[in-house]
Amino acid sequence: MAQVEKRGGLLRKSSASKKPLKEKVVLMYDEIFMTEDPSKCSPRFWEELFLMKVNLEYLEGKLESLDGEELMKIKDNINCLFQHCIQALGEDHPIRVVNALQTLCALIRGVHQKNKSTSGFDIINMLMGFDKAELCMKNLMESLDSLLCAEGSESLKSLCLKLLLCLVTVTDNISQNTILEYVMINSIFEAILQILSHPPSRREHGYDAVVLLALLVNYRKYESVNPYIVKLSIVDDEATLNVSIWILFFLFRQYKDKEEEHQSGFFSALTNMVGSMFIADAHEKISVQTNEAILLALYEAVHLNRNFITVLAQSHPEMGLVTTPVSPAPTTPATPLGTTPPSSDVISSVELPLDADVQTSNLLITFLKYSSIVMQDTKDEHRLHSGKLCLIILTCIAEDQYANAFLHDDNMNFRVNLHRMPMRHRKKAADKNLPCRPLVCAVLDLMVEFIVTHMMKEFPMDLYIRCIQVVHKLLCYQKKCRVRLHYTWRELWSALINLLKFLMSNETVLLAKHNIFTLALMIVNLFNMFITYGDTFLPTPSSYDELYYEIIRMHQSFDNLYSMVLRLSTNTGQWKEAASKVTHALVNIRAIINHFNPKIESYAAVNHISQLSEEQVLEVVRANYDTLTLKLQDGLDQYERYSEQHKEAAFFKELVRSISTNVRRNLAFHTLSQEVLLKEFSTIS
């Protein structure tokens with residue numbers, strides 16, 4: 001018997017003398033693409049169609065091959081196919097449901113491709129007809145909601161989520177996707193939360209569910225009332241915990257400490273679990289595949305609902321062996337970082353039991369560890385966006401009263417092993433000897449690390465401003481609540497002074513792209529905050545003395561800054577006003593330098609000492625506080641609260657557009673494969 005090959009919907013015998021035969025489902029598709037109703041000649045046409053395995057490639061290709069005019073001629077048949085797909089979703093036969101879901105995916109994507117051209121037809125009218133659209137979408141959303149909430153097949157749930165992602169991302173700008181009006185009216189918010197609240201469903205569908213929610217929340221969020229925003233903002237039950245834990249577990253799977261990476265035997269076991277998340281070069285610089293979609297979901301949760309911030313304080317066992325979805329390598333070199341979906345393979349649970357010997361952690365530590373890797377490399381656009389999202393999330397946390405109370409709680413101490421970028425001029429940190437401290441110390445460490453490691457040609461000005469803002473907001477809380485934090489403040493002061501030196505040494509290059517005086521003013525005002533209010537939140541009087549010592553020791557940097565801003569403020573150039581603000585802000589720093597320097601020089605001369613020790617300088621400082629006169633500066637402990645709509649709208653619109661494009665691109669044919677489904681339903685006759 002001649003062998004039969006299957007290619008592109010054709011059944012072809014090996015004998016070249018015979019014409020190739022088409023699959024029956026392909027022949028049925030061809031009938032749909034005729035102008036007449038296919039059920040006229042075959043009353044059981046639609047019933048038989050959904051018993052056939054869907055040929056996604058052929059159906060989409062057929063839709064794309066027609067021009068707008070040809071497609072409009074078969075509009076009635078397309079509408080009919082769409083409606084019968086929805087009807088099939090309510091049937092008991094799972095194979096029919098599967099085929100209906102896949103057919104809907106092909107229809108939506110195929111018609112979308114035509115909608116991108118200049119054919120001028122409306123996608124809603126083409127798929128279901130304006131007159132029936134409301135009822136069709138109501139029935140579709142109700143069916144999808146039922147399938148997602150049912151205790152049935154996980155594979156069906158996966159297809160439902162992929163169909164919804166397909167529906168949401170048919171346009172690059174989701175706010176221009178008019179189909180989503182029906183998704184707003186017929187909400188599936190509860191179904192998404194239910195998936196995230198059940199561990200088996202969360203393991204298999206958590207990624208798609210969270211990304212879907214993040215995209216729906218961003219539909220016309222600045223223009224109308226979005227029910228997904230409203231519902232997310234008032235969630236206050238256990239589902240809150242489930243969403244946050246899943247998101248951060250997913251992020252944690254992309255992170256492991258560099259020292260753990262090199263432990264004997266452990267690294268090989270870890271890589272088997274998490275795949276190729278790490279990319280380490282010869283200098284041990286760890287990189288992690290960023291995921292903007294997951295970070296966006298975490299941001300929306302934290303920004304919209306303070307209950308999610310509360311959840312960040314929840315303790316749990318150390319999560320080194322908890323499995324979550326894993327991101328595979330991109331299928332093509334063109335696939336960008338940022339929204340690569342996890343493997344569709346079923347992930348088994350190997351969660352650790354609660355054990356007295358297992359070190360406890362919390363979700364905020366997970367996020368800080370992840371951020372310490374993501375923020376180290378901002379040269380790539382996707383990593384830049386991810387770094388920015390991390391800093392925005394930290395900004396929201398730094399403004400929250402409850403979060404600050406937890407961060408600064410001296411009775412809640414943690415050992416946080418942040419990743420430190422390898423640098424030639426500093427020794428490798430002895431991470432094993434890290435002290436247990438309040439979590440705010442880890443946040444400050446993260447900010448200091450960013451400040452120290454990003455002084456480069458492609459200067460990330462926006463990220464630096466956000467970094468300094470986070471530090472300022474934490475200081476405002478400490479001043480307000482008189483929290484005396486035992487922290488190595490000298491590291492922060494040194495980093496800030498070095499940043500000022502970098503701005504000055506690269507003045508010409510940086511001024512061509514940035515207003516460096518905004519950042520310089522913020523840095524100077526941080527020092528003013530310490531000078532004016534340091535006695536209320538620095539841990540000891542000697543800490544305040546050390547602040548003065550650092551200012552005096554580095555007086556040349558402040559003198560140079562004053563000379564630079566004075567020069568530009570006395571000119572009539574574009575930087576006159578901005579430079580003048582820095583000039584005025586330096587008044588107390590200059591007063592300290594001008595007051596103590598002559599006394600230190602006098603002390604050295606009287607005692608015949610060519611170079612004073614730190615302790616001798618501190619002795620002079622302590623002896624001459626009484627004669628120092630400083631000006632009271634207003635507004636140092638005030639800040640403008642974070643506002644997305646007024647300042648970040650453009651960033652989030654572009655970010656969501658990028659995520660939408662990549663989600664659609666990654667909904668490839670293989671992700672809708674029917675093999676797993678057929679195997680699952682193999683017992684059905």
Side-chain angles (χ1 to χ4, degrees), residues 89 94-95 97-102 104-105 143-169 188-216 238-239 241-254 272-275 277 289 291 293-294 297-298 301 319 321-329 331 339-352 663 666-684:
L89 295 181
I95 292 296
V97 178
V98 167
N99 289 331
L101 287 168
Q102 291 188 311
L104 284 169
C105 286
S143 295
L144 293 176
D145 186 81
S146 298
L147 290 168
L148 289 171
C149 294
E151 294 184 1
S153 163
E154 296 299 331
S155 298
L156 279 180
K157 291 181 182 180
S158 177
L159 272 177
C160 288
L161 288 169
K162 293 199 182 301
L163 172 59
L164 285 164
L165 285 170
C166 184
L167 196 67
V168 170
T169 60
I188 53 164
F189 181 83
E190 288 75 15
I192 295 173
L193 280 194
Q194 183 170 318
I195 286 172
L196 293 169
S197 67
H198 290 81
S201 292
R202 184 166 66 237
R203 282 192 295 272
E204 293 192 43
H205 315 303
Y207 180 90
D208 284 347
V210 166
V211 173
L212 176 63
L213 181 59
L215 290 171
L216 289 173
E238 192 178 350
L241 181 65
N242 294 321
V243 174
S244 297
I245 286 180
W246 190 91
I247 292 172
L248 286 159
F249 274 16
F250 183 91
L251 294 178
F252 185 80
R253 287 303 307 277
Q254 302 178 54
N272 287 335
M273 285 194 301
V274 303
M277 286 291 185
Q289 184 160 309
N291 200 302
I294 295 297
L298 178 61
M319 298 179 293
L321 295 176
V322 179
T323 58
T324 48
V326 179
S327 296
T331 54
T339 52
T340 308
S343 169
S344 58
D345 295 339
V346 175
I347 308 297
S348 61
S349 172
V350 291
E351 295 190 18
L352 287 173
V663 167
N666 284 308
L667 283 174
F669 292 121
H670 70 275
T671 65
L672 301 175
S673 173
Q674 202 178 37
E675 299 304 320
V676 175
L677 298 160
L678 291 175
K679 191 177 293 184
E680 184 176 337
F681 302 133
S682 60
T683 57
I684 300 171

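Computation of the quantities below employed the complete heavy-atom set of this structure, encompassing side-chain atoms and omitting hydrogens, waters and symmetry-equivalent molecules.
- Within the 4.5 Å cutoff, no side-chain heavy atoms of Ile195 are placed close to those of Arg202.
- Taking CD1 of Ile188 as the start and CG of Leu147 as the end, the distance is 11.5 Å to the nearest 0.5 Å.
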His198/Gln194 under side chain to side chain contact (heavy atoms under 4.5 Å, CB included): CA gap, chis, key distance, verdict: CA-CA 7 Å; His198 290 81; Gln194 183 170 318; 3.5 Å; yes
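- Within the model, atoms SG of Cys160 and CG of Asp208 stand 11.5 Å from one another, a figure rounded to the nearest 0.5 Å.
- Within the model, atoms CG of Leu156 and CG of Leu161 stand 11.0 Å from one another, a figure rounded to the nearest 0.5 Å.
- Summarising the geometry, atom CG belonging to Leu667 is positioned 7.5 Å from atom SG belonging to Cys105; distances are rounded to the nearest 0.5 Å.
- Paired with Ile192 under the rule side chain to side chain contact (heavy atoms under 4.5 Å, CB included), one option of Leu213, Val210, Asp145 passes, and it is Leu213.
- Separating the OG atom in Ser143 from the CG atom in Leu104 is a distance of 10.0 Å, to the nearest 0.5 Å.
- Nearest heavy atom pair, residue Ala214 against residue Ala293, reads CB-O, 4.2 Å.
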Candidate pair Leu148 and Leu164, rule side chain to side chain contact (heavy atoms under 4.5 Å, CB included), full reasoning: CA-CA 11 Å; Leu148 289 171; Leu164 285 164; 4.0 Å; yes
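- For Glu154, the side chain to side chain contact (heavy atoms under 4.5 Å, CB included) criterion is met by Lys157, Ser201, Glu204, His205, not counting sequence neighbours.
- Rounding to the nearest 0.5 Å gives a distance of 8.5 Å between CG of Leu216 and CG of Leu165.
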